Amino acid sequence: MAMRQFKAESKKLLDLMINSIYTNREIFLRELISNASDACDKRYFKSLTDTSIGITKEDLKIHIQPDKDSRTLTISDNGIGMTKDELEKNLGTIAKSGSLDFKTENQSDNIDIIGQFGVGFYSAFMVASKVTVISRAQGEDTAWQWESKGVEGYTLTEAEKDDVGTDIILVLKEDTDTEKYSEYLDEYTLAGLVKKYSDYIHFPITVYREKSRQKPKPEDAGDDYKPEYETYTELETLNSMVPIWKRPKSEVKDEDYNEFYKSKFMDYSDPLRVITSRTEGTATYTALLFIPGRTPYDYYTKEYEKGLALYASGVMIMEKCADLLPDYFSFVKGVVDSEDLSLNISRETLQKDSQLKLMRNSLEKKIKNELHAMLVNDRDKYETFWKAFGRQIKFGIYGDYGMHKDLLADLLLFYSAKEQKLVTLDEYIEKMPEDQKCIYYAAGDDTDRLGKLPNAQLVLSKGYDLLLCTEDVDEFCLQMMRDYKEKEFKNINSGDLGLETEEEKKAAEETATENKDLFEEIKKALNGKVKEVKVNPTLKEHPVTLSSEGGISMEMEKVLRKMPNGEGVESTKVLELNPSHAVFAALKAAHEAGDTEKVGKYAELLYDQALLIAGLPIEDPVAYAQLVCGLMK
Ligand SMILES: Nc1ncnc2c1ncn2[C@@H]1O[C@H](COP(=O)(O)OP(=O)(O)OP(=O)(O)O)[C@@H](O)[C@H]1O
């Protein structure tokens with residue numbers, strides 16, 4: 001049975017091409033410039049083996065010419081051009097890519113062809129009501145004109161053209177209330193689009209730009225001379241051609257990188273660190289990344305969009321490719337350029353997720369290593385970084401059920417109570433005395449206050465250091481990690497610290513048994529606010545302290561309560577009393593005298609005091625004040 005060919009419904013296909021493939025109309029310019037660049041590349045490539053062509057790379061260019069009077073935009077190149085037959089084949093057949101054929105026929109490192117799908121040209125119809133292509137091919141004397149108003153078809157006639165190359169003339173559609181096609185006649189808009197998408201096309205893209213200058217002052221000008229201005233046009237090259245990330249690192253000055261960063265990513269300060277990376281193999285790409293020196297104003301809001309600019313062969317594909325960066329490195333800015341990305345037809349996304357994944361993994365490692373190198377070699381800079389983005393790293397540890405904790409843990413810094421400065425977890429561990437089992441931390445609002453907590457002083461008195469955690473995410477991050485290098489994290493106000501001596505322990509047990517009734521009475525008076533009242537023999541000059549039991553600490557309760565639906569969150573509290581304090585004696589005396597009211601008042605007072613010491617809000621400050629006054633009278 002004879003195999004029948006599928007017939008493409010050309011009109012429908014073209015309609016689809018024009019209206020459905022691209023989400024962003026402005027890319028038509030990128031597509032036409034990329035075609036012109038391909039044509040220049042092909043001519044240059046031919047000239048390498050055919051000296052009769054007589055051109056050098058420097059001769060090849062692309063020119064854009066807007067004309068407001070005729071409402072046309074012309075994109076010209078002196079590339080290889082098209083014969084009548086090629087015009088027919090390439091522009092008369094949807095999805096026929098002469099460029100891809102050329103690439104396949106001429107495998108070489110000397111050509112950097114962009115076209116592959118054979119559809120980009122038709123994007124011109126998104127903005128143009130008529131497209132005219134006048135082309136003269138290399139080695140031909142005759143030029144040909146291809147013209148089309150879109151879906152109805154095209155004409156092909158002989159034309160006049162002095163030089164080899166192609167002019168694409170677009171008659172722009174009429175403006176409507178919502179669509180302003182005439183913006184593509186504005187030099188400023190065109191220059192912006194070239195910068196955005198085609199800055200690294202390696203042939204110059206020129207436009208005549210209207211400029212203004214002061215006229216020379218006439219010699220006979222009097223005192224009342226006012227400067228006069230005139231407009232003139234100047235041919236300007238719009239693109240930088242060689243991307244900074246493709247230039248050898250030794251040739252690029254720090255200032256060049258800094259300037260590139262500031263202009264491309266709109267920051268007024270220099271980046272903290274510049275990361276360059278070129279990899280070959282499974283994920284082949286060139287990357288130029290920056291660690292900013294300050295937190296963008298919207299960084300911790302939903303408005304902030306992470307991502308790296310993605311280029312394929314010098315053409316911008318995506319301004320912010322979010323998939324290239326994990327959330328915990330979302331502060332990184334930069335560019336990734338890869339020649340062998342498999343793009344989808346609109347060049348708006350990548351076809352193969354696996355490529356992105358490979359690139360992302362390799363970038364992640366690179367960023368991690370660079371941050372760690374900064375931590376080791378340039379601590380001041382790292383601390384600036386930490387101030388700006390440390391919080392994000394902690395979120396990274398906490399997020400995704402702690403999946404990334406091993407990657408990120410050695411980047412953490414916390415404030416050390418002993419050293420009075422930021423330390424890494426490794427630095428903390430290195431200085432641990434032999435008998436110290438855990439990494440101690442206290443969580444709250446203020447380092448000074450945390451350092452004065454009764455248990456903080458106990459830990460410090462043993463010669464152990466203590467991490468003072470003042471960010472809301474800190475404790476969540478540490479709890480997610482559970483331990484670091486087999487040393488467990490221990491909140492000094494959560495559970496039993498186990499730091500009392502055997503004697504203290506024994507004495508405490510005895511006091512607890514002796515005062516069982518008193519403790520019951522206090523617990524009752526506090527009416528469910530505490531789970532237990534107990535003796536703490538290590539309190540020294542403090543009469544009382546609060547600790548918590550279970551997974552939610554008092555600080556976590558405070559943080560969670562501020563979150564939506566967090567009102568009901570409650571930590572399980574334990575009131576700990578100092579049996580050697582005069583206050584304890586007073587409590588005992590009231591209890592022994594059978595003065596339940598007094599015991600109740602003292603209990604309230606001590607509980608509120610313990611909350612204040614822990615930096616927690618007291619439920620009823622007025623009642624507290626009245627209680628204090630009542631006792632003073
Ligand atoms: N300015 C030009 N000079 C010479 N040939 C051109 C020019 N513009 C287009 N062509 C030819 O027309 C073909 C079709 O162009 P089109 O833009 O539709 O697709 P493409 O560039 O091959 O692929 P893609 O859809 O990936 O851009 C090109 O492959 C090329 O052979």
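Just so it is clear, the model here is predicted, and its values are computed rather than measured. Computed from heavy atoms alone, side chains included, the values below leave out hydrogens, waters and symmetry copies. Each ligand, and each atom within it, is numbered from 1 in the order the structure gives.
- For atom 11 (C) of ligand 1, the choice among N90, I80, V133 with the nearest heavy atom turns out to be N90.
- Taking distance alone, with nitrogen or oxygen atoms compared against 3.5 Å, Y122 stays at or beyond that limit from ligand 1.
- A donor atom on one side chain and an acceptor atom on the other are found under 3.5 Å apart for S70 and T72.
- Seen from the ring of Y44, K57 counts as a face-on cation partner, given the 6.0 Å and 45° thresholds.
- Proximity of the aromatic rings of Y382 and F385 is defined here by a centroid distance below 6.0 angstrom, and this criterion is met.
- Not one N or O of D38 is nearer than 3.5 Å to an N or O of ligand 1, by distance alone.
- In summary, the aromatic rings of Y299 and F389 are positioned with their centroids under 6.0 Å apart.
- In summary, K320 and E305 do not engage in a salt bridge, as defined by a charged side-chain N under 4.0 Å from a carboxylate O.
- The distance criterion of under 3.5 Å between nitrogen or oxygen atoms is met by V119 with respect to ligand 1.
- With a 4.0 Å cut-off on non-hydrogen atoms, E86 does not touch ligand 1 at all.
- Proximity to E31 (heavy-atom distance under 4.0 Å) selects the following atoms of ligand 1: 27 (O).
- With respect to the salt-bridge test (charged N to carboxylate O, under 4.0 angstrom), the residues R71 and D175 qualify.
- Remark: K42 qualifies as a cation-pi partner of F102 under the 6.0 Å distance and 45° angle criteria applied to the six-membered ring.
- With a heavy-atom cut-off of 4.0 Å, D101 does not touch ligand 1 at all.
- Ligand-side atoms of ligand 1 in range of S97: 20 (P), 22 (O), 29 (O), range being under 4.0 angstrom from any heavy atom.
- Using a 4.0 Å cut-off between a side-chain N of Lys or Arg and a carboxylate O of Asp or Glu, R213 and E230 qualify as a salt bridge.
- Summarising the contacts of atom 10 (N) of ligand 1 with K89, M82, K42, the nearest heavy atom is found in M82.
- At least one heavy atom of L91 sits under 4.0 Å from some atom of ligand 1.
- The distance criterion of under 3.5 Å between nitrogen or oxygen atoms is not met by A39 with respect to ligand 1.
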